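Below: the structure, in C-alpha cells.
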Amino acid sequence: MLGPVEAAVGGRWVDLGAPKQRAALVLLVSQVGQPVSVDVLVEALWEGRPPQSAITSLHAYIANLRRVLEPHRAPRTPATVLCTRGRGYLLNSRAVEVDAHRFWESATAGWQALDRDEPQRALHAFEAGLDLWRGEAYAEAATAPHVAPEAVRLEELRLSVTESRCATLIAVGNHEMAVPELVAFTQAHPLREYGCELLSLALYRAGRQADALSVLRTHQKKMVDDLGISPSPALRHLETEILRQAPGLDRT
C-alpha cells in the first residue's frame, strides 16, 4: 500500500485487474480486519454517482480478487482471505501481510532502539521502514473518505521517521550524509521546524556555522512572512548556541 497497490501470492506478483478493482482492494486493505459495507465500497468507487450496474460490477470485482488472492481455493468453499461479512466484505488480517503495518513496526522498533541507546539498530530499523515506500500511500484511493485519514497518518509518520533517521545520523557523527538529505527534506517541507533544526545542527557539526545560521534565519523569516508566527523556543535556543559555539553542540 505504500505506493501503487501491489500484491504477491506465494511469492509471486499477481495481476489485480482494472483500476476500480484495484481501488476496491485498497479500500479493503485500509480497513483490514474490519468489514466494509457494500454501500461504502460503491460510494467510494463511483464517487457518489454509481450507475445502475454498480452492485453487479462490485460483485464481479470481489469475485475476481478472490480468485487472484486465493488461487487454490476449491470451488464453492468459503473464502478465507477476502471474506463476506453481512452486507459487506472483510480482508482477513490473519491471512495477509501489509507493508503499511510493517512500516509502523519498523518505526516503532527504531524509536525503541533509540530509547535503549542503540543508534545503529535504530538506523537499520528506520531505513528498513523507509525502503518500503514506492510512492503515495493508498495511491489508488487516497482521497476516499474511509482511506484519506489513514493515508494522511502514514505520510505524517513517514516524515517523522525521516527526521528520526537524520537525527540518528547526526547523533552517530554522520552529519555529512545527513546534510544533503535534510536539504532536500526541508525544501520539500519548509514549515517543519524539526527538519530545519536538524539541518542547522548538521551544518554546524560539518564546520559550516554561517550556513547553519542562514538556515535558521531563512526559516524564521518564512514563518513570520507566511504564517505570522515566531520561531519555536527550540530554534531560538539553537541559534543562540550556534552563535556562542556552545560545546554541547558537538556532542554525539
Side-chain angles (χ1 to χ4, degrees), residues 1-109 128-129 131-158 161:
M1 292 297 109
L2 302 180
V5 61
E6 295 178 345
V9 178
R12 294 184 177 184
W13 298 108
V14 295
D15 182 359
L16 296 174
K20 276 191 168 51
Q21 185 168 299
R22 295 161 61 85
L25 180 60
V26 171
L27 286 160
L28 291 164
V29 175
S30 74
Q31 308 295 316
V32 64
Q34 302 293 326
V36 181
S37 73
V38 167
D39 291 341
V40 166
L41 286 163
V42 167
E43 177 75 16
L45 293 179
W46 282 275
E47 299 179 342
R49 299 182 298 276
Q52 290 185 347
S53 60
I55 298 294
T56 300
S57 296
L58 176 62
H59 290 330
Y61 297 152
I62 297 298
N64 291 338
L65 288 170
R66 281 173 168 165
R67 281 192 292 270
V68 168
L69 298 176
E70 206 169 349
H72 302 301
R73 179 169 59 93
R76 291 184 290 279
T77 58
T80 60
V81 176
L82 206 174
C83 311
T84 299
R85 286 293 183 274
R87 194 170 180 273
Y89 301 101
L90 173 148
L91 195 65
N92 185 355
S93 59
R94 297 181 180 180
V96 298
E97 182 181 9
V98 183
D99 58 356
H101 297 174
R102 288 170 56 202
F103 175 59
W104 169 250
E105 291 167 0
S106 293
T108 301
D131 284 346
L132 294 171
W133 285 78
R134 297 169 291 104
E136 181 186 3
Y138 295 98
E140 275 83 353
T143 59
H146 285 74
V147 178
E150 177 65 4
V152 170
R153 184 188 73 85
L154 282 169
E155 179 58 26
E156 180 62 29
L157 183 61
R158 179 187 192 179
V161 171

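Small disclaimer: the values here were computed from a predicted structure and weren't measured. Below, each value reflects all heavy atoms present in this structure, side chains not excepted, and no hydrogens, waters or symmetry copies.
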Query raised in the report: Under the side-chain contact (heavy atoms from CB on, under 4.5 Å) criterion, do N64 and V68 qualify, and how do the steps go?
Result: CA-CA 6 Å; N64 291 338; V68 168; 5.6 Å; no
Query raised in the report: Roughly how far, to the nearest 0.5 Å, is NE2 of H146 from CG of L28?
Result: 11.5 Å
**Report entry** A144 versus A44, closest heavy-atom pair with distance
**Finding:** CB-CB, 4.3 Å
Query raised in the report: If you look at every heavy atom in P78 and R73, which pair is closest and at what distance?
Result: O-CD, 3.4 Å
Report summary line: In short, L154 meets A137 closest at the heavy-atom pair CD1-CB, 4.1 Å
Requested in this report: Can you measure from CG (L58) to CG (D39) and round to the nearest 0.5 angstrom?
Outcome: 10.0 Å
Report task. Output, in order, the C-alpha distance, side-chain angles, deciding distance and verdict of side-chain contact (heavy atoms from CB on, under 4.5 Å) for L25 and Y61. Result -> CA-CA 9 Å; L25 180 60; Y61 297 152; over 6 Å; no
Query raised in the report: Can any side-chain N or O of E136 pair as donor or acceptor with the backbone N or O of G3 at less than 3.5 Å?
Result: no
Query raised in the report: What are the two closest heavy atoms between V161 and A107, and how far apart are they?
Result: CG2-CB, 3.5 Å
Report summary line: So CD of E43 and CG of L27: to nearest 0.5 Å the spacing works out to 11.0 Å
Query raised in the report: Salt bridge between E105 and R102, side-chain N to carboxylate O under 4.0 Å?
Result: no
Requested in this report: Determine whether R134 and D99 make a side-chain contact, defined as any pair of heavy atoms from C-beta on separated by less than 4.5 Å.
Outcome: yes
Query - S57 side, atom OG; L41 side, atom CG - distance, nearest 0.5 Å - result: 13.0 Å
Query raised in the report: Which atoms form the tightest heavy-atom contact between G11 and A8, and what is the distance?
Result: C-CB, 4.5 Å
Query raised in the report: Between CD of E6 and CZ of R22, what distance do you get to the nearest 0.5 Å?
Result: 7.5 Å
Report summary line: Scanning both residues in full, the closest heavy-atom pair of A54 with W46 reads O-CH2, 3.5 Å
Query raised in the report: Tell me, do V81 and N92 make a side-chain contact under 4.5 Å, heavy atoms counted?
Result: no
Query raised in the report: Can V40 and V38 be said to form a side-chain contact (heavy atoms from CB on, under 4.5 Å), step by step?
Result: CA-CA 5 Å; V40 166; V38 167; over 6 Å; no
Query raised in the report: With a 4.5 Å heavy-atom cut-off, do V32 and V96 have their side chains touching?
Result: yes
Report task. Verify side-chain contact (heavy atoms from CB on, under 4.5 Å) between E155 and W133, making sure each step is shown before the conclusion. Result -> CA-CA 10 Å; E155 179 58 26; W133 285 78; 4.0 Å; yes
Requested in this report: Determine, for R153 against E150, whether the closest basic-nitrogen to carboxylate-oxygen distance falls under 4.0 angstrom.
Outcome: yes
Query raised in the report: Would K20 and E140 pass as an ion pair if we require N to O under 4.0 Å?
Result: no
Query raised in the report: Does a donor on one side chain and an acceptor on the other come within less than 3.5 Å for R66 and T80?
Result: no
Query raised in the report: Rounded to the nearest 0.5 Å, how far apart are CG of L82 and CD1 of I62?
Result: 5.0 Å
Query raised in the report: Is there side-chain contact between F103 and M1, with heavy atoms separated by less than 4.5 Å?
Result: no
